[in-house]
Amino acid sequence: MRVRIAPSPTGDPHVGTAYIALFNLAFARHHGGQFILRIEDTDQRRSSTESEQAILDSLRWCGLQWDEGPDIGGPVGPYRQSERSALYREHADLLIAKGRAYRCFCTAERLDSVRAAQKAAGQDWRYDGHCRDLDPAAGVAREAAGETCVVRLRMPRDGETAVPDALRGAVIYENHRVDDQILLKSDGLPTYHLANVVDDHHMGITHVIRAEEWINSTPKHIELYDAFGWDAPVFVHMPLLRNADKSKISKRKNPVSLEYYQRAGILPRAFVNFLGQLGYSMPDEREVFTLDDFVAQLDLSRISLGGPVFDLAKLRHINGLYLRELSPADLAGEVASWRKEDGRDAAVAELARERMETLAEFRDVEGIFASELVDWSAHCGHLLVGAASKRKNKSQVLDAKRSRGYFEAVIAALEGLRQWGPEGIEAALRGAVAKADVQVGDGFMAVRVALAGRPNAPGLFEMTTVLGRALTLARLRAVVTWLKGKTSKNLFEQRREQLARELKALDASEARVRLAEQSGGRFDPKEG
RNA sequence: GGCCCCAUCGUCUAGUCAGGUCCAGGACAUCGGCCUUUCACGCCGACGACGCGGGUUCAAAUCCCGCUGGGGUCACCA
């Protein structure tokens with residue numbers, strides 16, 4: 001039995017990828033088969049080698065090692081779709097020759113207008129079949145003459161297609177509702193649908209275990225297998241991981257980057273344990289288990305189809321269980337290696353060096369990097385763009401909404417960065433400052449506080465570089481969340497109440513100290 | 001909106017396929033207590049669910065239908 005994980009290198013390594021990879025790997029190992037990693041980089045515009053590397057690193061961090069893949073090779077490579085384009089072209093031609101696909105010369109403009117007309121008529125969007133019955137010879141000629149075209153699947157207009165899902169039984173789709181999907185784009189590269197089916201076949205994939213979001217495109221895939229004359233693999237659609245509000249897990253509402261969990265100090269085996277109990281339960285109801293245990297007992301029929309909410313609290317609990325099980329020496333070892341990951345220790349030392357007078361002060365700087373989120377509540381005024389500025393008049397100073405817009409611009413700019421480094425970060429921040437029309441100093445101070453939790457911290461761009469993309473974005477998003485729905489007024493009320501509470505606590509403790517002195521040290525603080 | 005999937009405590013889930021042993025069990029979170037110089041851990045306890053309505057049946061969380069709710073998907077992105 002052969003299974004695969006087929007991530008697209010278009011962003012941060014995603015928790016969903018690890019989730020699906022876990023079940024694939026466990027399935028392969030349980031049955032003595034192979035687990036393959038294939039990179040689906042057919043979207044030239046969005047794919048990057050940095051992202052690919054990050055995905056490989058993160059999956060390995062999870063301990064989900066593949067048997068064949070782009071970095072280690074294997075018998076049915078290459079394992080990167082961008083290196084197999086000739087294969088897809090051949091297969092597209094094959095389908096055209098069989099009459100199961102056709103060239104389509106429709107322009108984006110025509111498609112747009114058809115789409116608009118269908119929408120106006122209250123219909124679903126589907127390709128109208130304009131080029132479906134074009135003479136194939138004429139198509140060849142037009143293409144030879146330099147006209148650009150795509151290749152579309154000739155989906156049957158009647159009948160229905162049953163998708164045999166291993167967990168759901170047969171899911172029936174009426175063929176006339178299924179679109180004539182583009183298989184080969186005008187840049188000559190395949191879409192997911194073609195590349196996926198061709199590769200799964202040639203790589204000998206027997207079971208396709210993937211997320212449920214794919215189930216609606218499976219009839220197209222079944223049609224493709226049929227058109228090629230191939231046997232379709234077994235399909236297993238896993239439930240989708242969810243945000244707390246039950247929507248599909250997203251970076252807006254959850255940390256979804258595996259790098260985040262790595263940097264936040266989650267143990268890989270705890271993380272995998274956590275994933276293994278989402279939408280799944282061990283036959284003996286055990287909730288703490290190793291990857292080997294998981295592999296040994298895996299039974300796909302135990303998967304629950306309701307989408308599980310990705311609950312950080314539970315993850316932290318499980319992680320704590322693993323941490324407490326460690327001997328002090330082993331725990332120290334884990335901490336040490338965690339600090340050294342990706343050269344972070346040295347990078348932090350470089351930042352700390354110029355601002356310390358004793359070794360102990362290293363901790364002040366290190367603290368910025370060694371946790372998931374920082375507490376900036378004592379400096380929240382700085383997060384309101386302009387609050388620290390004496391140049392501004394008061395109406396500009398207290399604008400939470402404006403601050404939020406600025407932070408959202410910062411997040412967007414940073415998300416789009418390909419190379420995570422001081423130059424790129426500076427450019428991104430300057431861009432956001434300009435876009436939101438805030439003073440450079442105010443804007444930078446706000447980000448500094450959002451990331452470090454305080455106004456005095458290492459150089460902003462260097463600090464952000466060392467912090468890493470995942471934690472940086474998580475902290476910025478935390479600020480946006482906090483700013484949401486907050487008016488300047490209640491911000492200040494809140495802060496004033498907080499100060500009042502702190503003062504009161506301070507008074508109480510001072511009173512206790514005084515009492516203790518008066519009673520000759522026999523004072524029991526509990527009675528205070 | 002069309003199509004598709006799903007539905008047990010706030011959350012993860014057991015139980016559903018093979019109806020009775022389930023006035024529904026465990027875990028997280030929350031709250032309370034014990035332990036303890038503090039906090040945490042640990043231990044004990046509390047709170048808390050079969051979405052609704054019809055059937056079928058001696059018997060339904062379990063089977064059937066409808067409704068409601070949630071989600072996904074409708075790209076020259078995957």
Side-chain angles (χ1 to χ4, degrees), chain A residues 6-11 14 16-17 39-47 81 104-108 111-112 115 118-119 122-127 148-152 160-161 163 165 167-179 181-196 210-220 237-249 273-288 301-321 323-325 524-526:
Chain A
S8 196
T10 54
H14 201 277
T17 305
I39 296 294
E40 307 221 327
D41 55 350
T42 56
D43 184 340
Q44 295 220 283
R45 198 173 53 81
R46 294 199 306 148
S47 298
Q81 290 186 332
C104 169
F105 295 88
C106 292
T107 61
L111 260 23
D112 283 345
R115 206 180 310 239
Q118 288 179 340
K119 195 182 174 189
Q123 300 171 316
D124 306 350
W125 154 247
R126 228 164 300 125
Y127 179 60
T148 61
C149 68
V150 301
V151 175
R152 282 184 188 272
E160 53 190 31
T161 298
V163 172
D165 183 89
L167 304 178
R168 278 160 266 255
V171 181
I172 309 297
Y173 293 87
E174 292 178 286
N175 289 152
H176 72 88
R177 292 184 186 284
V178 181
D179 202 9
Q181 185 62 233
I182 290 181
L183 301 176
L184 207 62
K185 299 179 276 188
S186 57
D187 64 3
L189 293 177
T191 58
Y192 170 85
H193 308 281
L194 209 217
N196 195 263
R210 72 205 333 176
E212 190 182 357
E213 58 188 328
W214 291 111
I215 198 165
N216 289 328
S217 49
T218 311
K220 296 165 185 172
H237 288 98
M238 296 290 297
L240 250 24
L241 264 21
R242 311 289 186 93
N243 298 313
D245 66 4
K246 301 276 190 178
S247 55
K248 179 167 85 164
I249 196 166
N273 187 155
F274 173 64
L275 292 180
Q277 53 92 63
L278 291 176
Y280 192 81
S281 61
M282 300 289 267
D284 60 1
E285 283 199 66
R286 239 181 326 164
E287 287 172 338
V288 180
S301 74
R302 295 193 62 81
I303 292 167
S304 310
L305 294 177
V309 170
F310 195 88
D311 181 9
L312 276 314
K314 184 101 173 207
L315 170 60
R316 292 178 63 96
H317 169 76
I318 292 173
N319 201 52
L321 252 28
L323 252 19
R324 272 174 251 125
E325 219 167 59
D524 179 3
K526 258 188 185 170

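A note on names: the letters A, B, ... follow the listed sequences, proteins ahead of strands, and every chain is numbered from 1.
Atom CZ of A:R316 and atom P of B:rC41 are 11 Å apart (whole Å). A:D165 places its CG atom 18 Å from the P atom of B:rG72, with the value rounded to the nearest Å. Between the CG atom of A:N243 and the P atom of B:rC12 there is a distance of 12 Å, given to the nearest Å. Between the CD1 atom of A:I249 and the P atom of B:rG70 there is a distance of 20 Å, given to the nearest Å. Nucleotide B:rG10 holds its P atom 22 Å from the CZ atom of A:F310, rounded to whole Å. The separation between A:N319 atom CG and B:rA40 atom P is 19 Å, rounded to whole Å.
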Practice problem: In sequence, state the C-alpha distance, the side-chain angles, and the governing distance for A:R168 and A:D165, and then conclude on salt bridge (Lys or Arg N to Asp or Glu O under 4.0 Å). | Solution: CA-CA 5 Å; A:R168 278 160 266 255; A:D165 183 89; 3.2 Å; yes
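With hydrogens and angles disregarded, a donor-acceptor distance shorter than 3.5 Å links the side chain of A:K185 to the backbone of A:T42. Checked by atom type and distance alone, the side chain of A:R210 never pairs as donor or acceptor with a backbone atom of A:A6 at under 3.5 Å. At distances below 3.5 Å, at least one donor-acceptor pair connects side-chain atoms of A:D311 with backbone N or O atoms of A:A313.
For the C1' atom pair drawn from B:rC58 and B:rG48, the interatomic distance equals 32 Å after rounding to whole Å. Annotation: B:rA27 and B:rG66 have their C1' atoms spaced 35 Å apart (nearest Å). Of the P atoms belonging to B:rG55 and B:rC9, the separation is 25 Å, rounded to the nearest Å. The C1' atoms of B:rC67 and B:rA59 are separated by 25 Å, rounded to the nearest whole Å. Rounded to the nearest Å, the gap between the C1' atom of B:rC77 and that of B:rC17 is 38 Å. Nucleotides B:rC47 and B:rU30, compared at atom C1', are 8 Å apart to the nearest Å. For the P atoms, the distance from B:rC64 to B:rC6 is 12 Å, rounded to whole Å. Separation of the C1' atoms belonging to B:rU56 and B:rU62 is 13 Å when rounded to the nearest angstrom.
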Expected rows: protein N/O vs nucleotides 5-7 of chain B N/O, under 3.5 Å:
residue : atom : partner : partner atom : Å
B:rC5   : O2'  : A:R168  : NH1          : 3.3
B:rC5   : O2'  : A:E212  : OE2          : 2.7

Quiz item: How would nucleotides 73-78 of chain B be written as a contact map, 5' to 3', with B for base contact, S for sugar-phosphate-only contact and - for no contact, using protein heavy atoms under 4.0 Å?
Solution: SSSBBB
Quiz item: With the sugar-phosphate defined as primed atoms, P, OP1 and OP2, and the base as all remaining atoms, what B/S/- string results for nucleotides 24-31 of chain B, 5' to 3', for protein heavy atoms under 4.0 Å?
Solution: -BBBS---
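At a threshold of 4.0 angstrom between heavy atoms, the contacts of A:R302 are confined to the sugar-phosphate backbone, with no base atom among them. Within the nucleic acid shown, A:S301 has no heavy atom closer than 4.0 Å to any nucleic acid atom.
Pairing partner, B:rA7: B:rU68, with both Watson-Crick or wobble hydrogen-bond distances short of 3.5 Å. For B:rU37, there is no paired base (Watson-Crick or G-U wobble, both distances below 3.5 Å). B:rA46: Watson-Crick or G-U partner is B:rU30, with both key distances under 3.5 Å. Here B:rU56 sits opposite no nucleotide as a Watson-Crick or G-U wobble pair (both hydrogen-bonding atom distances under 3.5 Å). In this structure, B:rC74 forms a base pair with B:rG1, meeting either the Watson-Crick or the G-U wobble geometry with both donor-acceptor distances under 3.5 Å.
OP1 or OP2 of B:rA14 sits under 4.0 Å from a side-chain N or O of A:S304. At B:rC12, none of the side-chain N or O atoms of A:R242 fall inside 4.0 Å of OP1 or OP2 (strictly under the cut-off).
Between A:P308 and A:P239 the shortest heavy-atom distance is CD-CB, 4.1 Å. Nearest heavy atoms, A:K246 versus A:R242: O-NH1, 2.7 Å.
Toward the 5′ end of RNA chain B lies the nearest nucleotide of A:R177, the other residue of the pair A:I303 and A:R177 mapping further downstream.
Side chains of A:F274 and A:L312 form no contact here, defined as non-hydrogen atoms less than 4.5 Å apart.
Using a 3.5 Å distance cut-off with no hydrogens or angles, the side chains of A:Y192 and A:D43 do not pair a donor with an acceptor.
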